[in-house]
Amino acid sequence: MGETMTMAKALNAGLRRALEADPKVLLAGEDIGKLGGVFRITEHLQRDFGPERVVDSPLAESGIVGTSLGLALRGYRPVVEIQFDGFVYPAFDQIVSQVSRMRFRSMGRLSVPMVIRIPYGGSIGAIEHHSESPEAYFAHTPGLVVVTPGTPLDAYWMIQQAIASDDPVVFLEPKRRYHEKGEVDLTEPPLALDAARVVLQGGDATLFTYGPLVKTCVEAALAASAEGRSIEVVDLRSLSPLDDAAIRASVERTGRAIVVHEAVRTLGIGAEVAARIQEGCFYTLEAPVLRVAAYDMPYPPSKVESAYLPDLDRILDAVDRSLAY
Amino acid sequence: MGETMTMAKALNAGLRRALEADPKVLLAGEDIGKLGGVFRITEHLQRDFGPERVVDSPLAESGIVGTSLGLALRGYRPVVEIQFDGFVYPAFDQIVSQVSRMRFRSMGRLSVPMVIRIPYGGSIGAIEHHSESPEAYFAHTPGLVVVTPGTPLDAYWMIQQAIASDDPVVFLEPKRRYHEKGEVDLTEPPLALDAARVVLQGGDATLFTYGPLVKTCVEAALAASAEGRSIEVVDLRSLSPLDDAAIRASVERTGRAIVVHEAVRTLGIGAEVAARIQEGCFYTLEAPVLRVAAYDMPYPPSKVESAYLPDLDRILDAVDRSLAY
Amino acid sequence: MTVTRSTSEAEPPDVVTPGGTRIQRGREFVQLLTPQGERVADDVFAFDHDDAVIAANLRHMVLGRRFDAEATALQRKGQLGLWPPALGQEAAQVGSGAAIAGLDEVFPSYREHSVALMRGIDPLDMLKTFRGTAMVDWDSRAHRFHLYSFVIGTQSLHAVGYAMGMQRDGLVGNPDQAGNGAVLAYFGDGATSQGDVSEALVFAASYQAPVVFFVQNNQWAISEPIEVQSRIPLYRRAIGFGISSVRVDGNDVLAVQAVTEWALDRARRGEGPTFIEAFTYRMGAHTTSDDPTKYRRREEEQQWKAKDPIARVRTYLLGRGAIDQAWLDALDAEAEALGVRIREGCTALPNPRLEDYWQHAYAGMPPALAEQRDAYLAYEAGFEQES
Amino acid sequence: MTVTRSTSEAEPPDVVTPGGTRIQRGREFVQLLTPQGERVADDVFAFDHDDAVIAANLRHMVLGRRFDAEATALQRKGQLGLWPPALGQEAAQVGSGAAIAGLDEVFPSYREHSVALMRGIDPLDMLKTFRGTAMVDWDSRAHRFHLYSFVIGTQSLHAVGYAMGMQRDGLVGNPDQAGNGAVLAYFGDGATSQGDVSEALVFAASYQAPVVFFVQNNQWAISEPIEVQSRIPLYRRAIGFGISSVRVDGNDVLAVQAVTEWALDRARRGEGPTFIEAFTYRMGAHTTSDDPTKYRRREEEQQWKAKDPIARVRTYLLGRGAIDQAWLDALDAEAEALGVRIREGCTALPNPRLEDYWQHAYAGMPPALAEQRDAYLAYEAGFEQES
Ligand SMILES: Cc1ncc(C[n+]2csc(CCOP(=O)(O)OP(=O)(O)O)c2C)c(N)n1
Ligand SMILES: Cc1ncc(C[n+]2csc(CCOP(=O)(O)OP(=O)(O)O)c2C)c(N)n1
Ligand SMILES: [Mg+2]
Ligand SMILES: [Mg+2]
């Protein structure tokens, strides 16, 4: 029953299904119509669903998110595309002060079933502002759900689950994985949107990661197993809320944890995961929770991004350091 | 040599000194001129320095920060007032994508010696958007310095140090402490802007805090000492960069750490401090680093804010839990 | 060198359409009732209702002012944390509020107290926000009156988006007017400087959304005079976005109603957005925390007192014999009853509990948040046991 | 229901000042040189320079186009990560660039390659950004040409702030013109929708800052036609903010220079900001990653080809005998030499090392960051030892 497709195609298929399933779903963003988005995630959707359901918006992110909030109040389920990670900040006030709180402000009377899709992360050789990892800003914001698929299969289901959710969802798409293929087996029921997944089981240490670095961590774990080390890989998938039960269960098994992400280290998701693990698994931990992340500086020119971002070697180095405790 | 004054007066005096000392210093913001700001922090400064150095800006935060960045490039040292914490988000893009990175983008050629003053925090009985604690957003952003005074003395010196700094500084003013008095002894040389301060020495556990809750933590520590517990209180003062050396030194002394802040718990400053402590002091810690913070929901109506925010009892409860390990 | 700032030049206004048509009438704004209570004609706008409607407007203005005065007094007595008075802006609010019909929706800022009352919002529910016992506690869908909005300008985008939704739902341009609706979006003169408001104009123009932007230019944004935001008349702002625009005497309830009806009607018919500048004055403080003596002259306040929006309507209706002293006495009694209800109701408002708020953060409560709630409840229970 | 979107109405433009004066000339825009290479008169603007200046402009346009073509080719060969071509916009850029005088400062967007060359920026330094070997590697102060800016519209605010600084520094309104300066701020048609750009207009008007907003309306924002951003001519946007505005034929280097000189001169004299819409066309792709066949018709591109900004100047100057084939050949040779330098220089650009970047995050490196750097260096050293 499985089909092999890229994450880009899987997202496109998921959006298509959502548009088919619910006439209240609409897409809005810059260049998502005729062009199908700069990454072609919405390709042919305007052709097939019309310009009222797949809307080319004026070049103004706050406007896109703010008007979509209005549409959501009217009963629509807007799916907004931010063209690149670095262009979400002009919409920050609308997302963080308005979208995230409308339910709370209205004391539960109003819902904002909005999805904000953001292609994110680096390693694509881009100029500045095109390789950001803004997830921690959103995960620190109550009222938002923040999720990120690591595979085409997850992408296909999670985008539909996000659209079906009555909470606003920041949906982070690891753009460097857009064009990698994976199996999309539709016979399996999808995992819950807020669940982490053990991608690889192991007993010596756990790599916690998400989005673009799931694959890298799996590669690192496989490399480590060649050296006789049994490394577990957990794809967090949901960054807010975090799947505490799954995180704790893995640490209880392995006793060692390393969090890996592209965002800068300070106050990245790794900080929260580490803080929770040391609190929840204090007696189990055989080593401190380590973090492998970008260094605490702005994203550098692309020719040095490979040194700036975590890679297989830096992950293995952290595994070594963890096991050395 | 000491004088007793409120933090509001100390800030006003510090701004006045900075305006006197350097003709390139200018203040910009909403209502900071004739009115002297809604908190009167800039009272009489326009009268005494003129409307070109103390500028009433149009009602647009992105514009205020963005034009101030232009002024900084021209050699000015703008000190921007954001009227309330909840109104900084419209300027988020300018702060996070522009101000913070101009040095990096220009490969060190340009400086942005800008100070962004933000009255922050709750417990003043205000309506929504007037009691926010946005510090983690900024501390997660490379290129920004984030500081917050806890006393009039620190306020007086730190605002001047921030203005003198060639890095952009987010200067968070704990508004609930504006009108409390403290000694401002000008004979003592000021502590460095990036240094934490041990406010109260103790041996059993350390409370790490900053801004509005420094006083609350000191009160908690004094209450604990009545029960025979010796609690150290460290005022972090600088949230980015963190004073790692001071943090580690204290934990090495006490073996137990509790981070206390008004911001929500998830990905608040406490997450980073906890992550660093468990990494840097793994063998010293006798209990997990605990966090006392606001609950992970938007700021509630003011009649329940006292239950939402950390207070003396919740801090003591955490001390008990820490000591029980 | 001096950075000079002149006040706005004298301008020949008035209705300007994006097509460039300029209806010049050598007057400051559209006015149908003078401060002296005399009807005057306008070459474009007419007030198409009888005296009963004017009397209804007077009633709304008087009740709105009473509500406002009571709330201000309650704040002075420590019963509210804050109150933003609307004194002086009653005609702008009631006139526009009276133009709202069947399916229309309102997106207010934080000062549209009279409009709120007209939409059936319970004044006690409104006080909750300012007393700190609730967030915004009214059913915005039932009343078609959306939540008060405190981050300046943000609601303008929500309004446009909502209007885009009404467009999609087929509520625009139907031959049967009863099936049509539009959005009325309120904000202040200061708000026009916010990027969000400009973006709202861009989106409204681009999609020809059925929305009317209603700016109460009350001359001040806290301590900043209108000249800080615009050196030319504010209604012109919208023209550059391709949006028709009118300036109206915001203290003339007849003119405001006429202009707003025209604009809403255009929107409902599918003729696109309109921008209305209601030229009015904030006679009181910005909020109860504010002290206007720091930044504006008494004479200015006095001048505007002579243009009071309520006095002129009363004069007019009495002169016409449409109302009499008995009618006014009855209205006073109604206002007094409202005052009593507000005063007594306010102090009786129940205090909330933090427990009530956890459930509002998410549609589905995340387990970690439920854990926090449970820990909180256990912690609180500990205190109760102790005591 | 259909959400209709009509294209902008035919409009009688042109110069509109906030005072309301409308100089109607029944033409689309200010034009001084037709696509056929004929000089035409305008009732307001004149080109006050001799043929040598026009020839210099032609040279800048040809060199700019060559640079652009080389960079585009280098990207195709994998030598650059990305390139945003400026093909077709040379007159808008060179005409405005030629208007810049002594103390003026430029705040570009990311496509002003010809202006950059005129300001003395080394084309190889410009390529670094797009090759990924540097952030923005030119001395913006020395060249009075600020950093390229990639978040749409943000630089408009920096430009206004910088202009406010020049105002404070006394560079405006001096009798001695040599002591005066202004800011020239570039952005695109799409950018005008961003809140930041509207806020820049608000601030510029409020402080009467010496700034000229120069919009290259190249008809497209990636795949979105101008009608998505504005249904009326774009130059009108600024009028509602109280800013004088002109639309100019952006493919006519003479008209662009004349209008920009007028505007900069006004700014320098202290007469406040101006908004210029240069009506032009992006003849190539948005960037080398873009595929315009997906969203626009070939005929449109062909129509604009007939309005090529370079051809008309060449025709004109040849017709006047101001240049001859030898002159053109020499220019070709100069362009070819530039091409060689660019091709060879690009591939020879040194790769950076991450080490070089730590120091640029802060003026004073925080200890924790230094720790990270040291750990990184030790870690890297480990690899070198291994190998
Ligand atoms: C984004 C933002 N910035 C600042 C404020 C603080 N503030 C509240 S009201 C106000 C003035 C608003 O003036 P105007 O838009 O004219 O409305 P008015 O109060 O006169 O009705 C300001 C600056 C805010 N609420 N939101
Ligand atoms: C805030 C922001 N949103 C989106 C983008 C992505 N983007 C880059 S260029 C562009 C179109 C810009 O169009 P226009 O302003 O007309 O300038 P042009 O490219 O035509 O020169 C877009 C949407 C961006 N760089 N910044
Ligand atoms: Mg106002
Ligand atoms: Mg364009």
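Chain letters run A, B, ... following the sequence lines, proteins first, then strands; residues in each count from 1. Computed from a predicted structure; not experimentally measured.
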What is the distance from atom [atom1] of [X] to atom [atom2] of [Y], rounded to the nearest 0.5 Å?
X      : Y      : atom1 : atom2 : value
D/L147 : A/E128 : CG    : CD    : 8.5 Å
A/L59  : D/T192 : CG    : OG1   : 8.5 Å
D/Q372 : A/T266 : CD    : OG1   : 6.0 Å

Can you tell me how the ring of D/Y376 sits relative to the ring of A/Y295, calling it parallel under 30°, perpendicular over 60° and tilted otherwise? perpendicular
Heaviest contributor of heavy-atom pairs below 4.5 Å to chain A, chosen from D/A134, D/G81, D/A191, D/P292, is D/A134
Between D/F150, D/Y110, D/Y362, the one whose heavy-atom pairs under 4.5 Å with chain A are most numerous: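 Looking at each of D/F150, D/Y110, D/Y362 in turn, D/F150 comes out on top.
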Closest heavy-atom contact between [X] and [Y]?
X      : Y      : result
D/P352 : A/V304 : O-CG1, 3.5 Å
A/D31  : D/A221 : OD1-O, 3.4 Å
D/F130 : A/I127 : CD2-CG2, 4.1 Å
D/Q229 : A/P58  : OE1-CA, 3.5 Å
D/A361 : A/M297 : CB-CB, 4.1 Å
D/S193 : A/A60  : O-CB, 3.4 Å

Atom group of [X] that falls short of 4.5 Å from chain A, counting heavy atoms:
X      : result
D/D290 : side chain
D/A375 : neither
D/L369 : side chain
D/V197 : neither
D/Y357 : both
D/R131 : both

Under 4.5 Å from a heavy atom of chain D, the part of [X] involved:
X      : value
A/Q46  : neither
A/Y299 : backbone
A/E30  : both
A/P298 : side chain
A/S57  : backbone
A/F87  : side chain
A/R314 : both

State, yes or no, whether a side-chain contact exists between [X] and [Y] at a heavy-atom distance under 4.5 Å.
X      : Y      : answer
A/K34  : D/E224 : no
A/H129 : D/T154 : no
D/L354 : A/P300 : yes

Atom NZ of A/K9: over 12 foreign heavy atoms under 6.0 Å: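 Open: at most 12 neighbouring heavy atoms sit under 6.0 Å from NZ of A/K9.
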Is there a side chain to side chain contact (heavy atoms under 4.5 Å, CB included) between A/Q83 and D/I152? Walk through the geometry before answering. CA-CA 12 Å; A/Q83 199 161 79; D/I152 298 291; over 6 Å; no
Side chain to side chain contact (heavy atoms under 4.5 Å, CB included) evaluation trace for D/V151 with A/Y89: CA-CA 10 Å; D/V151 183; A/Y89 307 121; over 6 Å; no
Verdict with supporting geometry, A/D313 and D/F383, side chain to side chain contact (heavy atoms under 4.5 Å, CB included): CA-CA 10 Å; A/D313 286 326; D/F383 279 96; 3.5 Å; yes
